[in-house]
Protein chains: 2
Amino acid sequence: MPDQKSGQDTRERILDIAERLFMENGYEATSMRMITGAAEVNLAAVNYHFGSKEALLREVFRRRLSWLNGERLVALDKLEAQAGGAALKPSQILEAFFGTLLRMGEDESLGGMTFLRLLGRTLTEPAEFIRTFFAGEYAQVIDRYKLALFRALPDVPKAEIVWRLHFMLGAMSYAIAGTDVLQVVTGCGLGDLAGEGGSDGAGDTALARRLAQRLMPFLLGGLRAPLPQLLDVAHKPAVTHDGAGVQIHDSGINAQNQ
Amino acid sequence: MPDQKSGQDTRERILDIAERLFMENGYEATSMRMITGAAEVNLAAVNYHFGSKEALLREVFRRRLSWLNGERLVALDKLEAQAGGAALKPSQILEAFFGTLLRMGEDESLGGMTFLRLLGRTLTEPAEFIRTFFAGEYAQVIDRYKLALFRALPDVPKAEIVWRLHFMLGAMSYAIAGTDVLQVVTGCGLGDLAGEGGSDGAGDTALARRLAQRLMPFLLGGLRAPLPQLLDVAHKPAVTHDGAGVQIHDSGINAQNQ
DNA sequence: GTCTATAGGTGGATAGAC
DNA sequence: GTCTATCCACCTATAGAC
């Protein structure tokens with residue numbers, strides 16, 4: 001850091017502001033000028049520090065995700081060390097994966113709910129460079145947690161576990177995105193705690209904790225649901241998506257092993 | 001329709017192309033020129049037929065959502081008529097709400113998986129005009145289904161039901177968006193059936209059906225999960241998100257009433 | 001590291017002829 | 001209803017002085 005003034009300050013200020021604006025408007029709808037204007041830095045400073053708008057977005061995520069996914073690996077390591085070779089309980093695995101994330105929402109120094117919302121909103125962006133970036137950032141963690149779930153649920157087909165991992169990720173990411181129709185239609189729900197835009201109050205901390213309390217049982221219930229009957233028979237769409245599917249034997253799912 | 005040529009054809013062609021391109025690139029990253037280029041119509045035609053880019057997006061959704069939400073209301077009416085005053089089973093309600101949507105994915109004339117993906121990707125867009133639009137389109141349906149779920153689960157706090165409705169919407173919308181990290185990280189999952197972009201093959205139909213078979217049990221399992229213990233006590237984040245919560249009495253959740 | 005100035009391009013929208 | 005031509009706001013990125 002050769003010449004003048006703040007340097008590190010400028011970099012961090014740009015990242016903080018970019019994080020908030022990308023969250024509020026999305027990547028495409030946020031211009032460099034909006035960011036530099038709000039951060040009170042020169043337009044050229046962004047390209048000096050990060051190189052391009054794409055690289056800026058990547059850096060906004062990298063500084064949070066490398067911490068998050070590192071913590072997730074540590075949490076899993078710790079659990080597996082405690083278990084001493086035995087399979088983990090699904091609830092432990094979910095707690096390590098989703099709980100670690102949701103706790104970021106309570107910590108402003110880790111981005112708080114601003115980052116959580118940004119993450120939820122960005123995970124469904126179609127832009128190629130974003131998906132490629134996320135794939136790299138998540139590869140190791142997803143792999144480790146997938147294997148842990150396979151071991152925890154040995155009687156559930158692996159493909160089924162992967163599907164349900166999708167669904168769990170979706171339930172969480174949509175919930176933290178906080179953009180869904182229910183928020184506007186009904187007063188009830190996520191909307192009654194945090195303001196719409198980027199309000200960083202004490203309410204956000206409460207929201208993160210409450211969200212965790214609500215979400216975790218839902219995810220666990222979904223993960224442990226009876227397996228579907230896979231019938232590729234009729235052309236008529238199956239009308240019985242009831243709980244009539246194969247019940248997984250109790251020892252594996254409903255009793256001890258939860 | 002006064003003067004010349006196709007008229008209706010042009011309108012529909014623009015909508016079809018816009019639907020696909022908005023799905024592939026997102027709203028902001030899709031330009032009017034991309035749309036008119038692919039649809040082989042003049043740039044001015046879009047503004048003539050729809051007035052603006054925002055209005056075009058609204059119309060892309062309106063023609064599908066008015067059908068979808070109409071069907072959802074009909075399905076619920078039918079179920080309630082059959083039940084003759086009794087409360088519906090949660091599985092019936094979910095089937096009517098989510099099954100109706102997922103069946104659109106099997107029908108190319110209703111947009112097929114292209115529309116489903118677009119919907120999943122757009123539900124988390126932060127743009128104000130989009131959220132306002134969705135709120136209006138969904139208001140009636142959400143309200144009716146919320147009440148049906150309240151009646152179906154009289155022992156579950158209404159706030160809890162609304163939260164779980166959020167989570168279910170999220171799991172589904174994320175799954176149909178088909179943009180998540182798992183797709184890229186692992187070969188397993190949603191990615192092994194349909195091509196990434198906008199391929200409209202027979203594979204998409206199979207994908208929609210398979211998705212429904214997998215998703216429905218997951219949602220039902222989450223909806224019927226044991227209630228969380230709501231403890232606003234310690235500052236230490238609760239480490240026991242286990243299934244250790246209050247068990248809802250069997251008659252309401254686990255037995256008949258599924 | 002910061003700044004001004006600007007290149008070089010693309011965006012949505014419209015006027016007006018046919 | 002369709003098309004050409006055009007306006008002009010705004011974008012990302014960079015060159016080059018300090």
Side-chain angles (χ1 to χ4, degrees), chain A residues 1-22 24-61 122 125-130 132-133, chain B residues 1-61 63 122 125-130 132-133:
Chain A
M1 294 83 188
D3 231 9
Q4 260 163 313
K5 259 201 264 190
S6 35
Q8 193 65 6
D9 269 15
T10 299
R11 230 186 101 93
E12 293 296 313
R13 194 164 65 252
I14 292 173
L15 288 174
D16 289 342
I17 296 284
E19 181 170 71
R20 183 171 61 80
L21 291 179
F22 283 144
E24 289 174 358
N25 313 308
Y27 174 73
E28 296 286 347
T30 303
S31 72
M32 302 278 267
R33 282 176 170 82
M34 291 167 67
I35 295 169
T36 55
E40 294 179 297
V41 299
N42 191 273
L43 176 61
V46 177
N47 286 304
Y48 173 80
H49 283 287
F50 304 99
S52 71
K53 190 186 174 186
E54 289 194 3
L56 171 61
L57 182 73
R58 275 192 294 263
E59 185 57 24
V60 164
F61 277 102
T122 311
E125 288 264 330
E128 193 59 35
F129 86 94
I130 296 179
T132 305
F133 170 73
Chain B
M1 295 83 185
D3 232 7
Q4 259 163 312
K5 259 201 264 192
S6 36
Q8 194 65 6
D9 269 17
T10 300
R11 231 187 101 91
E12 293 297 313
R13 195 163 66 252
I14 293 173
L15 287 175
D16 289 341
I17 297 284
E19 182 170 70
R20 183 171 61 81
L21 291 180
F22 283 145
M23 180 273 285
E24 289 174 358
N25 314 307
Y27 173 74
E28 295 287 347
T30 303
S31 71
M32 302 278 267
R33 285 174 170 83
M34 291 167 65
I35 295 169
T36 56
E40 295 178 296
V41 298
N42 192 272
L43 176 60
V46 176
N47 285 305
Y48 172 80
H49 284 287
F50 304 99
S52 71
K53 190 186 175 186
E54 289 195 2
L56 171 60
L57 182 73
R58 275 192 294 262
E59 185 56 24
V60 164
F61 277 102
R63 70 169 175 163
T122 312
E125 288 264 330
E128 193 59 35
F129 87 94
I130 296 180
T132 305
F133 170 73

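Numbers restart at 1 for each chain; the letters A, B, ... are given by sequence-line order, proteins then strands.
Of the listed nucleotides (dA13(C), dT14(D), dT2(D)), dA13(C) has the atom at the smallest distance from the side chain of M32(B). With dT2(C), dG12(C), dT4(D) as the choices, the nucleotide that has an atom nearest any side-chain atom of Y48(A) turns out to be dT2(C). For L43(B), the side-chain atoms get nearest to dA13(C) when compared with the rest of dA13(C), dT2(C), dT14(C).
Rounding to whole angstrom units, CG of residue N47(A) and C1' of dT2(C) are separated by 13 Å. Nucleotide dA13(D) holds its P atom 12 Å from the CG atom of L57(A), rounded to whole Å. Between F50(A) atom CZ and dT2(C) atom P the separation is 11 Å, expressed in whole Å. In this structure, CG of L56(B) is placed 12 Å from C1' of dG12(C), rounded to the nearest angstrom. Computed from coordinates, the H49(B) NE2 to dA13(C) P distance equals 16 Å when rounded to whole Å. Protein atom NZ of K53(B) is 17 Å distant from nucleotide atom C1' of dT14(C), rounded to whole Å. In this structure, the CG atom of D9(A) is 14 Å from the C1' atom of dT2(C), given to the nearest Å.
Toward the 5' end of DNA chain D, the nearer of the two residues G51(A) and M34(A), judged by each one's closest nucleotide, is M34(A). Each of N42(B) and T30(A) was assigned the nucleotide of DNA chain D with the nearest heavy atom; the assignment lying further toward the 5' end belongs to N42(B). Checking R33(B) against E40(A), the closest nucleotide of DNA chain C that is more toward the 5' end is the one next to E40(A).
Taking the six-membered ring for Trp and the full ring otherwise, the centers of F129(A) and Y27(A) sit less than 6.0 Å from each other.
Under the 4.5 Å side-chain criterion, counting only non-hydrogen atoms from C-beta, R11(B) is in contact with F50(B). Residues F61(A) and T122(A) are in side-chain contact: their nearest non-hydrogen atoms beyond the backbone lie under 4.5 Å apart.
At the heavy-atom level, T36(B) lies nowhere under 4.0 Å from the strands shown. Residue A44(B) is classed as a base contact, given a heavy-atom separation below 4.0 Å to a base.
Partners of E19(B) according to the side chain to side chain contact (heavy atoms under 4.5 Å, CB included) rule, which considers only residues two or more places apart in sequence or in another chain, are V60(B), R63(B), R64(B), T114(B), F115(B), L118(B).
The phosphate of dT2(C) (OP1 or OP2) has a side-chain N or O of T10(A) nearer than 4.0 angstrom. At the phosphate of dC10(D), neither OP1 nor OP2 sits under 4.0 Å from any side-chain N or O atom of S31(A).
Among L21(B), L15(B), L43(B), the single residue meeting the side-chain contact (heavy atoms from CB on, under 4.5 Å) criterion with I35(B) is L21(B).
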